[in-house]
2 protein chains.
Amino acid sequence: MSGVRAQQKEKTRRAIIDAAFSQLSAERSFSGLSLREVSREANIAPTSFYRHFKDMDELGLTMVDEGGLALRQLMRKARQRIADGGSIIRTSVETFMEFVQHHSNVFRLLLRERSGTSAAFRAAVNREIQHFIAELADYLEDYGKCSRELAVMEAEAMVTLVFNAGAEALDLPAAARKPLAERVINQLRLIAKGAAALKHDRRFSE
Amino acid sequence: MSGVRAQQKEKTRRAIIDAAFSQLSAERSFSGLSLREVSREANIAPTSFYRHFKDMDELGLTMVDEGGLALRQLMRKARQRIADGGSIIRTSVETFMEFVQHHSNVFRLLLRERSGTSAAFRAAVNREIQHFIAELADYLEDYGKCSRELAVMEAEAMVTLVFNAGAEALDLPAAARKPLAERVINQLRLIAKGAAALKHDRRFSE
DNA sequence: TTAATTTGCGTACACCTGTACGCTGAAAAA
DNA sequence: TTTTTCAGCGTACAGGTGTACGCAAATTAA
């Protein structure tokens, strides 16, 4: 009972997932991949694909989950850096932009499927984004001492802007990404400033 | 020289464009359309398609241009309503959300191709969005009496948030869209407030 | 040992795709 | 009038797709 069988199966499963990720690019989205092509890249027969996923959609959802997980793990590290005395806004943005740079295909998947043609995909991506928003809102509520309502609104706006900046970065040469990061940092500061000003406004403290 | 020929050609061209727009949906993106299917819907032979567009990409770019134009025209009306005494933020957001509701397929096209697989498409959509940002920045610079730099940053953030809200609205039943509009209105106010607070900040007035 | 599971492969089929080519009929130009 | 132009059609082909089905080999269970 060494489980050599389950082990080999897992290996093939990984090969499929990796093959799919590696075929994503600026010019190729998930819906543009074919079962046959992914199988070819993974060195298995097309029909063997079904031993691991019931169809391409199931593979795609797995990839979204994995991508979201990877992103969340990275941001967890960012929070450590923040705890060690880094600026919250700058550290978060820079960590995020690093992720976009080094895992472009993962980010592309999340970005595109967020407005893709499958409701399940859209829901999965939004779930990942909501994780972000909730965590950031917790922080803002605690640190900024503002109402939950305001904190959530602020967090949503911030995450939206950061995500959008990541999307823009994809089309830019590496050299041109720094000013973009600085821009979004300033935009987040703008929001933080606005939230501070609004903190005691009656509309958001009832 | 009645031009009955050119007239008929234009009619067919329109039929193709309309057919393509009508086939877009939540479940179907532009890249999922086929030349044959569009031609079928437009009641022409597949090979006749080439009399009007050299390939599907050329059709798509035409659609992006048309969609962007329609959106800009609508927002021009919004500015009239503002001039007649409406709130700038509320009027703009509500006008935009009406567009999303009544021309979902047009908005979906812009939304998806912004992060799509064709660099030309992405550039075309971004061109449309830049129109928006520039116009809004003009207004903010004038009305808010702030620096160009701050105005552009503020406008970019606002347009990003509104666009994002439009995307979310697509997956919501019509009834649930009003709270979403209110939310984004509050987010824009947050930014406006932040910009006002930062207006005389040294960093943005040099 | 024998029997049952299960991963992976090869073949086969029906279906859809883009597009090359040549023809027709009607509008426009000569 | 005769000639030219050109939108639109039908046929045809090569190439890609998803997936049903049955077989082989090897791990696991009895």
(request) For Ile16(A) and dT7(C), give me the distance from atom CD1 to atom C1', rounded to whole Å. (result) 11 Å

(message) Side-chain N or O of Thr12(B) versus OP1/OP2 of dA7(D): is the shortest distance under 4.0 Å?
(response) no

(request) Please work out whether the ring planes of Phe99(A) and His103(A) are parallel, tilted or perpendicular, with thresholds of 30° and 60°. (result) parallel

(request) Mind telling me whether Phe96(B) and Phe163(B) have parallel, tilted or perpendicular rings, with 30° and 60° as the class edges? (result) tilted

(message) One thing to verify: whether Arg81(A) and Glu94(A) come together as a salt bridge, which I'm taking to mean a side-chain N less than 4.0 angstrom from a carboxylate O.
(response) no

(message) Strictly below 4.0 Å, N to O, side chains only: are Arg148(A) and Asp138(A) in salt-bridge contact?
(response) yes

(message) Could you work out, with ring pair (Phe, Tyr, Trp, His ring centres under 6.0 Å) as the rule, every residue matching Phe30(A), not counting sequence neighbours?
(response) Phe121(A)

(request) Please state whether the base of dT5(D) and the side chain of Arg5(B) form at least one donor-acceptor pair under 3.5 Å? (result) yes

(request) Do nucleotides 9-22 of chain D as a string where each nucleotide becomes B, S or -: B if the base has a protein heavy atom under 4.0 Å, S if just the sugar-phosphate does, - if no protein is that close. (result) BB-B----SBBBB-

(request) Can you tell me the distance, in whole Å, between the NZ atom of Lys9(B) and the P atom of dT5(D)? (result) 15 Å

(request) Quickly work out the His52(A) NE2 to dT6(C) P distance and round it to whole Å. (result) 13 Å

(request) Round to a whole Å and report the spacing from CD of Glu10(B) to P of dG8(D). (result) 11 Å

(request) Please report the shortest heavy-atom distance between Phe53(B) and Glu58(B), naming the atom on each side. (result) CA-OE2, 3.7 Å

